[in-house]
Amino acid sequence: MSDVQKREVWRRWKEGQSLSEIGRALGKVPGSIHGVVKANGGFVPAKRTRAKTVLSLAEREEISRGLARNESFRTIAVRLERAPSTLSREVGRHGGRAKYRAAVADERAWDNARRPKSCLMQRNCACGCRKRCHPMRPACIRG
């Protein structure tokens, strides 16, 4: 389902229309409408925005151009007013100097921001196991 159709689903859902009514209006079966609504628990999803501290597409393009000119991370970082380590991690995360592409890196970063993240108890497991363990394991509770 396209983004335009999803926006229409949410607009109609907020107006109180049933899944069947929305499906008829969009020419879709109610089951496909249910999948969209259920994915967000029936709540209209918030508009996604990026934090001010993350690299923008324009900055990623500048990194890509700098790499094409064979410039060092430090030189590019001075121009972008960023730390060289930020650029190094960004390039390493998205294929290295030879394979870095700004548009692909930007899309992957946007997708990674949405991924499911482990809960706080799981990240700070008391047993120190640093695994994706269940926080209610006896070893984790004892601490």
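As the structure is a prediction and not an experimental result, all values here were calculated from the model.
In this view, V78 satisfies the side chain to side chain contact (heavy atoms under 4.5 Å, CB included) rule with no residue, not counting sequence neighbours. Take R48 and apply the salt bridge (charged side-chain N to carboxylate O under 4.0 Å, His left out) test, not counting sequence neighbours, and it matches no residue. The side chain to side chain contact (heavy atoms under 4.5 Å, CB included) test applied to A58 returns S56, not counting sequence neighbours. Here A51 pairs with T53, V54 under the side chain to side chain contact (heavy atoms under 4.5 Å, CB included) rule; sequence neighbours left out. Residues satisfying the side chain to side chain donor-acceptor pair (under 3.5 Å) test with R82, not counting sequence neighbours, are E59. For T75, the side chain to side chain donor-acceptor pair (under 3.5 Å) test picks out S72, with sequence neighbours left out. In this structure E81 satisfies the salt bridge (charged side-chain N to carboxylate O under 4.0 Å, His left out) test with no other residue, sequence neighbours excluded.
Here the closest heavy-atom approach between residue A103 and residue E61 is recorded as N-OE2, 4.4 Å. The two atoms that bring A102 and S64 nearest to each other are CB-CB, 4.2 Å, heavy atoms only. Nearest heavy atom pair, residue A83 against residue A77, reads C-CB, 4.0 Å.
Residue pairs that meet the salt bridge (Lys or Arg N to Asp or Glu O under 4.0 Å) test with at least one member in residues 69-79, sequence neighbours left out, are E62-R69, E62-R79, R69-E71, E71-R79. Sorted by first then second residue, the side chain to side chain donor-acceptor pair (under 3.5 Å) pairs that include residues 98-107, not counting sequence neighbours, are R50-D106, R60-D106, E90-Y100. Under the salt bridge (Lys or Arg N to Asp or Glu O under 4.0 Å) criterion, the residue pairs touching residues 14-31 are R11-E15, with sequence neighbours excluded.
In this structure, CD1 in I63 is found 11.0 Å from CZ in R97, a value given to the nearest 0.5 Å. To the nearest 0.5 Å, atom CG of residue L80 and atom OG1 of residue T86 are 10.0 Å apart.
Under a 4.5 Å side-chain heavy-atom cut-off, the cluster of Ile, Leu, Val, Met, Phe, Trp and Tyr residues that includes L26 is completed by M1, V9, W10, W13, L19, I22, I33, V36, V37, V44. Hydrophobic cluster membership for V4: none, as no Ile, Leu, Val, Met, Phe, Trp or Tyr side chain comes under 4.5 Å of it.
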